[in-house]
**Student:** 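Please read through the structure below; I'll follow up with questions.
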Amino acid sequence: MKGRSFLSTANLSLAELGELLFLSQDYCGVNNNHKLLPRTLLRGKMIALVFLEASTRTKVSFERAARNLGADIIDLQTGASSINKGESVMETAKTLQAMAIDALIVRHASSGMPSFLADNLYIPVINAGDGWHEHPTQALLDLLTIFQEFGSFAGLNVLFLGDIRHSRVARSNLFAMKTLGISVRMSGPATLVPPEMKALGAEIVTDIDQAVAEADVVYLLRIQWERQQSGFVSSLSEYSKLYGMDEERLALMQSHAILLHPGPANVGVELSAAAYAWPRSRIEAQVNNGVAARMAVLHWLLADD
Ligand code: CP
């Protein structure tokens, strides 16, 4: 896969997903034991972080992943870059490419921006989240977390609950989960669960309590206020009451089921503090797996072997 961009999970085959997940699992042990870090694999490579939208987990974990593999990182501080003087993102990307940067990791509020850059550059572009569209490395770390829990994807039933409409996480997971044979259900306020999700392979359900009781994985999504026009939900307190994960809903979950959330979480809105800290919540494991999954993607795209 060397030289290819990593933009979406929709075009990843079953074999490619398997390869990435096994590599991620290997890197999980390595990331958690610093003595084993293969700091020479990407030595001499220079990777630029181009984050034009806020991030904690994705940005820090990519930086950590690149350093774990021996690559150098340039963090384009966009507020202090020439984007601030009106230079386009494309010109900025071409400028970095002209300085022999080996890859760009791009987050942008506009859906399609990483693909647009990839179409016009000869270096790989990694999509670190674009608008409502996709977040493919998030899906990879989520699948790794699920695999670590269940040891297989066979027969699993995953429920996404919340703001599906604005969720790039839900889209990237749905594409990959369908390839892996996982059953995907989606639920939330009707205004935030677009019917197109059915055509993409999800089952849209309205009885949330029943869906929670039948799920192996309940994946909570944040209300994305920054991407809302208006009027999708009447109030946060109503949303929390009707669609949030609280103690009553936790009690419906099967004893083997787990809770996921991509973060950042709005505790008190889509989940209660008790749900966040619930023993079968795997939110911290997701964050830890983010480094390993991103090491796997950087290895896959940039290693010379
Ligand atoms: N899950 C996720 O993308 O988090 P950040 O916005 O903090 O990167």
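All of these numbers come straight from a predicted model, not from anything done at the bench.
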**Student:** Run the numbers on Val106 and Asn127 for side chain to side chain contact (heavy atoms under 4.5 Å, CB included), then give the verdict.
**Tutor:** CA-CA 5 Å; Val106 177; Asn127 181 0; over 6 Å; no
**Student:** Of all the heavy-atom pairs spanning Arg171 and Pro194, show the shortest one and how long it is.
**Tutor:**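 Smallest heavy-atom distance, with atoms named: NH2-CG, 4.5 Å.
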**Student:** Heavy atoms only: give me the nearest Leu7-Glu134 pair and the separation to one decimal.
**Tutor:**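 Between these two residues, the closest heavy atoms are O-CB, 4.1 Å.
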**Student:** Of all the heavy-atom pairs spanning Ser24 and Leu144, show the shortest one and how long it is.
**Tutor:** CB-CD2, 3.7 Å
**Student:** Can you tell whether the side chains of Arg4 and Glu16 come within less than 4.0 Å, N to carboxylate O?
**Tutor:** yes
**Student:** May I ask you to decide if the ring planes of Trp132 and His166 are parallel, tilted or perpendicular, using 30° and 60° as cut-offs?
**Tutor:**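 Perpendicular, since the angle between the ring planes exceeds 60°.
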**Student:** Identify the two heavy atoms, one from Tyr243 and one from Ile208, that lie closest to each other, and give their separation to 0.1 Å.
**Tutor:** CD2-CD1, 3.3 Å
**Student:** In this structure, would Leu141 and Leu156 fall into the same cluster of hydrophobic residues linked by side-chain contacts under 4.5 Å?
**Tutor:**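 Leu141 does not cluster with Leu156.
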**Student:** Name the orientation class of the two ring planes belonging to Phe6 and Trp300 (parallel below 30°, tilted from 30 to 60°, perpendicular beyond 60°).
**Tutor:** perpendicular
**Student:** Are Arg282 and Thr145 linked by a side-chain donor-acceptor pair shorter than 3.5 Å?
**Tutor:** no
**Student:** Can we say Glu203 and Lys178 salt-bridge, meaning some charged N sits less than 4.0 Å from an Asp/Glu carboxylate O?
**Tutor:** no
**Student:** Please round to the nearest 0.5 Å and tell me the distance separating atom OG of Ser5 and atom CD1 of Ile123.
**Tutor:**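 Taking OG in Ser5 and CD1 in Ile123, the distance rounds to 8.5 Å.
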**Student:** Evaluate whether atom CD of Glu248 has more than 12 neighbouring non-hydrogen atoms of other residues, nucleotides or ligands under 6.0 angstrom away.
**Tutor:** no
**Student:** I'd like to check Val89 versus Met113 (side-chain heavy atoms, cut-off strictly below 4.5 Å). Are they in contact?
**Tutor:** yes
**Student:** Under a 4.0 Å N-O cut-off, is there an ion pair linking Lys45 with Asp304?
**Tutor:**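 Yes, this pair counts.
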**Student:** Do Leu192 and Leu242 land in one hydrophobic cluster if side-chain heavy atoms of ILVMFWY residues count as linked below 4.5 Å?
**Tutor:** yes
**Student:** Quick test of your reading: applying side-chain hydrogen bond (donor to acceptor under 3.5 Å, both in side chains), list the pairs with at least one residue in residues 111-126, sequence neighbours left out, ordered by first then second residue.
**Tutor:**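 Those involving residues 111-126 do not exist here.
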**Student:** Considering only residues two or more places apart or on different chains, which pairs with a residue in residues 58-81 satisfy salt bridge (charged side-chain N to carboxylate O under 4.0 Å, His left out)?
**Tutor:**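 Salt bridge (charged side-chain N to carboxylate O under 4.0 Å, His left out) check on residues 58-81 returns Lys59-Asp75, Glu63-Arg67.
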**Student:** In terms of side-chain geometry, is the basic nitrogen of Asp209 or Arg249 positioned less than 4.0 Å from the acidic oxygen of its partner?
**Tutor:**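 Yes.
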**Student:** Are any of the side-chain heavy atoms of Asp163 and Arg165 separated by less than 4.5 Å?
**Tutor:**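 SC-SC contact between Asp163 and Arg165 confirmed.
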**Student:** Are Gln138 and Ser172 side-chain neighbours, meaning at least one heavy-atom pair lies under 4.5 Å?
**Tutor:** no
**Student:** Counting C-beta onward and ignoring hydrogens, is there a side-chain heavy-atom pair between Leu260 and Ile258 closer than 4.5 Å?
**Tutor:** yes
**Student:** Hey, could you give me the CG/OG1 distance between Leu140 and Thr9, rounded to the nearest 0.5 Å?
**Tutor:** 9.5 Å
**Student:** Looking at every heavy atom in both Leu221 and Ile164, which two are closest together, and how far apart are they?
**Tutor:** CD1-CD1, 3.8 Å
**Student:** Measure across Gly112 and Asp130 and return the closest heavy-atom pair with its distance rounded to 0.1 Å.
**Tutor:**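 The answer is N-OD2, 2.7 Å.
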**Student:** When you compare the side chain of Glu238 with that of Val233, does any pair of heavy atoms fall below 4.5 Å?
**Tutor:** no
**Student:** Given the rule in the side chain to side chain contact (heavy atoms under 4.5 Å, CB included) test, do Ser187 and Ile204 qualify, once you have shown the distances and angles that lead to the verdict?
**Tutor:** CA-CA 6 Å; Ser187 196; Ile204 296 175; over 6 Å; no
**Student:** Identify the residue among Val217, Leu143, Asn173 that makes a side chain to side chain contact (heavy atoms under 4.5 Å, CB included) with Ile182.
**Tutor:**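 Between Ile182 and the candidates, side chain to side chain contact (heavy atoms under 4.5 Å, CB included) is satisfied uniquely by Leu143.
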**Student:** Which is it for Glu149 and Arg280 under the salt bridge (charged side-chain N to carboxylate O under 4.0 Å, His left out) test, yes or no, and what are the steps along the way?
**Tutor:** CA-CA 10 Å; Glu149 193 65 38; Arg280 297 201 62 75; 3.0 Å; yes
**Student:** Working note: Met245 + Leu259, criterion side chain to side chain contact (heavy atoms under 4.5 Å, CB included); need CA distance, chi angles, decisive distance, verdict.
**Tutor:** CA-CA 10 Å; Met245 179 59 74; Leu259 204 59; 4.0 Å; yes
**Student:** Taking side chain as C-beta onward, heavy atoms only, is Leu21 less than 4.5 Å from Phe147?
**Tutor:** no
**Student:** Is the terminal nitrogen or CZ of Arg107 (NZ for Lys, CZ for Arg) located under 6.0 angstrom from the six-membered ring centre of Phe51 and within 45° of that ring's axis?
**Tutor:** no
**Student:** The test is side-chain hydrogen bond (donor to acceptor under 3.5 Å, both in side chains); show your working for Asp142 and Gln286 and say whether it passes.
**Tutor:** CA-CA 6 Å; Asp142 295 335; Gln286 286 174 278; 2.8 Å; yes
**Student:** With heavy-atom distances below 4.5 Å as the criterion, would you say the side chains of Leu69 and Val30 are in contact?
**Tutor:** no
**Student:** Could you measure the distance from the CG atom of Leu17 to the CZ atom of Phe175? Nearest 0.5 Å is fine.
**Tutor:**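 So the gap between those two atoms works out to 12.5 Å.
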**Student:** To the nearest 0.5 Å, what is the distance between CG (Leu42) and CG (Leu302)?
**Tutor:** 6.0 Å
**Student:** Going through the checks in order, is the side chain to side chain contact (heavy atoms under 4.5 Å, CB included) test met by Leu159 and Met186?
**Tutor:** CA-CA 6 Å; Leu159 171 68; Met186 293 184 167; 5.9 Å; no
**Student:** Less than 4.5 Å apart, any side-chain heavy atom of Met295 and any of Cys28?
**Tutor:**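 Sidechains of Cys28 and Met295: no contact.
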**Student:** Within this structure, what is the OG-CZ distance for the pair Ser8 and Arg168, rounded to the nearest 0.5 Å?
**Tutor:** 14.0 Å
**Student:** Which value, rounded to the nearest 0.5 Å, describes the distance between Leu250 atom CG and Glu247 atom CD?
**Tutor:** 6.5 Å
**Student:** Is there any side-chain hydrogen bond (donor to acceptor under 3.5 Å, both in side chains) pair reaching into residues 269-278, and which pairs are they, with sequence neighbours excluded?
**Tutor:** His261-Glu270
**Student:** Among Ile47, Leu298, Val50, which residue satisfies the side chain to side chain contact (heavy atoms under 4.5 Å, CB included) criterion with Ile126?
**Tutor:** Leu298
